[in-house]
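Structure, as structure tokens:
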2 protein chains.
Amino acid sequence: MSTRSYGQYCGLARSLDTVGDRWSLLIVRELLRGPMRYGELVASLDGIATNLLAGRLRSLESTGVIERRPGETSGVVYTLTPWGSELRESIEALIRWSTPLMISGRGGDSFEPRWLAVALEALLRGRTATPPAELGLEVDGVFMILRIDADGPDVIVEPERRPETIMIAEPEAILGLAAGALTVEDALSMASVHGDRRVLSAVLGGA
Amino acid sequence: MSTRSYGQYCGLARSLDTVGDRWSLLIVRELLRGPMRYGELVASLDGIATNLLAGRLRSLESTGVIERRPGETSGVVYTLTPWGSELRESIEALIRWSTPLMISGRGGDSFEPRWLAVALEALLRGRTATPPAELGLEVDGVFMILRIDADGPDVIVEPERRPETIMIAEPEAILGLAAGALTVEDALSMASVHGDRRVLSAVLGGA
DNA sequence: CCGCATCCTCATGGATACTG
DNA sequence: CAGTATCCATGAGGATGCGG
């Protein structure tokens with residue numbers, strides 16, 4: 001379908017032959033948080049042409065990165081294969097690398113809380129806590145829980161319940177804190193916190 | 001110059017805005033092993049149009065990924081900035097992900113020993129050895145030393161001296177062994193080894 | 001020479017309309 | 001809702017020219 005192969009017997013080149021075209025990795029990013037329908041992908045990847053999305057989905061399916069499945073109720077849903085899920089490592093590495101690009105601010109770009117969930121897990125990967133610590137986050141009107149326990153970080157978007165400590169902030173403040181580019185004091189000056197601020201430090205602050 | 005921005009306030013999208021166009025990450029891969037001249041890049045990235053290479057180099061320089069410097073004797077050399085070097089993590093993750101794409105064999109693709117050096121470091125990252133273990137590799141007529149010590153793996157291409165144990169093989173056999181997709185016996189049947197085979201197991205074989 | 005810039009052709013991406 | 005079909009804009013690939 002799309003890309004010409006680089007024709008190089010090199011792992012990077014072959015990876016890029018597979019997921020290197022425009023939009024492909026963003027599609028995988030969306031599916032990292034669970035199966036999605038075609039329409040949801042169109043909505044989330046604002047601006048993608050529908051023919052391009054259809055082409056990418058077919059290409060990713062043919063290379064074994066994603067699978068088409070009958071939906072629970074109707075239609076089809078797209079999901080990552082086990083090998084496709086292993087792209088999480090690469091995607092998280094690129095997200096960590098992007099820190100200087102992100103702390104410069106949102107500008108006029110669009111924003112989805114789901115992207116923040118992926119980014120927080122990437123930035124906090126390797127961090128563990130016993131006993132588990134939970135922090136509520138309200139961003140762009142969407143509520144989520146960031147939990148760190150012995151298994152590492154995990155973000156739940158739109159959970160049923162709400163933890164005691166809650167931070168209401170712009171994505172910049174939360175990302176800056178998680179990336180270590182902002183002190184807790186700086187972040188607090190850009191946010192509103194209810195509950196115990198020590199929880200905030202414990203979860204999002206430096207080690 | 002090139003890419004349209006995705007317009008998303010997401011670390012992955014912003015990373016791809018910066019290094020996501022065709023050839024960009026392959027240029028970074030080349031520079032991971034040291035500064036290179038324009039002509040060397042043209043030769044190594046077989047198939048890249050010269051105007052494209054010039055454009056990518058300008059773009060990568062303007063975003064702070066690489067730097068132009070006066071060469072030791074004459075001309076200019078391109079080198080990674082510290083931030084650019086941090087792409088190693090992402091590139092190595094993509095290389096590890098490519099394992100299924102690589103063990104299928106070389107096909108008609110071109111091959112550079114330098115790419116194997118990067119791949120071996122990616123696949124063996126995290127592995128350490130005390131005392132240090134050294135294995136010589138001869139691939140495509142090029143000699144290299146793979147050394148694993150307390151700091152992790154390191155590959156030297158075209159070294160001065162030669163270690164005692166040397167494996168002469170196709171890249172597929174070496175990669176398959178390093179990736180754990182081949183047993184030592186299988187790899188041996190595809191290769192010729194001089195010296196102590198236990199060194200081969202210790203360096204390239206499973207833990 | 002080496003380090004690009006120009007020119008031309010064609011494949012790919014982008015926007016929108018349309019259909020099973 | 002889940003895509004195709006169509007048409008235009010842009011970027012990639014290849015050959016060649018040119019200045020320091």
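Throughout, a chain's letter reflects where its sequence line sits, starting with A, and its residues are numbered from 1. Below, all heavy atoms of this structure are taken into account, side chains as well, without hydrogens, waters or symmetry copies.
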**OP:** Spell out yes or no: do the side chain of Thr50(A) and the base of dA15(C) have one donor N/O and one acceptor N/O closer than 3.5 Å?
**Re:** no
Original post:
Does the base of dG14(D) carry an N or O that pairs as donor and acceptor with the side chain of Asn51(B) under 3.5 Å?
Top reply: yes
Rounded off to whole Å, could you give me the [atom1]-to-[atom2] distance for the [X] and [N] pair?
| X | N | atom1 | atom2 | value |
| --- | --- | --- | --- | --- |
| Arg69(B) | dG3(C) | CZ | C1' | 19 Å |
| Ile27(B) | dC4(C) | CD1 | C1' | 14 Å |
| Leu57(A) | dG13(C) | CG | P | 14 Å |
| Arg37(B) | dG20(D) | CZ | P | 19 Å |
| Glu40(B) | dC4(C) | CD | C1' | 16 Å |
| Ile48(A) | dT12(C) | CD1 | P | 16 Å |
| Leu53(A) | dA5(D) | CG | C1' | 16 Å |
| Asp17(B) | dG13(C) | CG | C1' | 15 Å |

Verify the contact: side-chain N or O of [X] to OP1 or OP2 of [N], cut-off strictly under 4.0 Å; return yes or no.
| X | N | result |
| --- | --- | --- |
| Trp23(B) | dG13(D) | yes |
| Arg22(A) | dG11(D) | no |
| Tyr38(B) | dA5(C) | no |
| Arg4(B) | dT12(C) | no |
| Tyr6(A) | dA12(D) | no |

**OP:** Quick one: closest heavy-atom pair of Val139(B) and Pro113(B), and the distance?
**Re:** O-CG, 4.4 Å
Original post:
Ion pair present between Glu89(B) and Arg125(B), side-chain N to carboxylate O less than 4.0 angstrom?
Top reply: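 Arg125(B) and Glu89(B): not salt-bridged.
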Original post:
Can a salt bridge be assigned to the pair Arg161(B) and Glu134(B) using a cut-off of 4.0 Å between side-chain N and carboxylate O?
Top reply: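 A salt bridge is present here (some side-chain N lies under 4.0 Å from a carboxylate O).
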When you measure from the side chain of [X], which nucleotide among [options] comes out closest?
| X | options | value |
| --- | --- | --- |
| Leu52(B) | dA12(D), dC1(D), dC4(C) | dA12(D) |
| Arg56(B) | dC4(C), dA12(D), dG3(D) | dA12(D) |
| Ala49(B) | dC2(C), dG3(D), dG13(D) | dG13(D) |

Under 4.0 Å, counting only non-hydrogen atoms across every strand here, what does [X] touch: a base, just sugar-phosphate, or nothing?
| X | value |
| --- | --- |
| Gly39(B) | sugar-phosphate |
| Ala54(B) | sugar-phosphate |
| Val76(B) | sugar-phosphate |

Subject >> Side chain Tyr6(A), main chain Asp109(B), donor-acceptor under 3.5 Å >> reply: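 Not a single qualifying donor-acceptor pair exists.
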Subject >> Under 3.5 Å: donor-acceptor pair, side chain of Ser98(B), backbone of Leu101(B) >> reply: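 No, the answer is negative, given that no donor and acceptor are paired below the 3.5 Å cut-off.
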**OP:** Could you check Arg33(A) against Glu112(A) for salt bridge (charged side-chain N to carboxylate O under 4.0 Å, His left out), going step by step and ending with a plain yes or no?
**Re:** CA-CA 13 Å; Arg33(A) 294 199 61 79; Glu112(A) 291 278 343; over 6 Å; no
Subject >> Asp149(A), CG atom: more than 12 neighbouring heavy atoms under 6.0 Å >> reply: yes
**OP:** Could you give me the stems involving DNA chain D, meaning stretches of three or more consecutive Watson-Crick or G-U wobble pairs whose two defining distances are both below 3.5 Å?
**Re:**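 Runs of three or more consecutive pairs: C:1-19 with D:2-20.
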Subject >> Donor-acceptor side-chain pairing of Arg68(A) and Tyr78(A) below 3.5 angstrom >> reply: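 Yes, a side-chain donor-acceptor pair sits under 3.5 Å.
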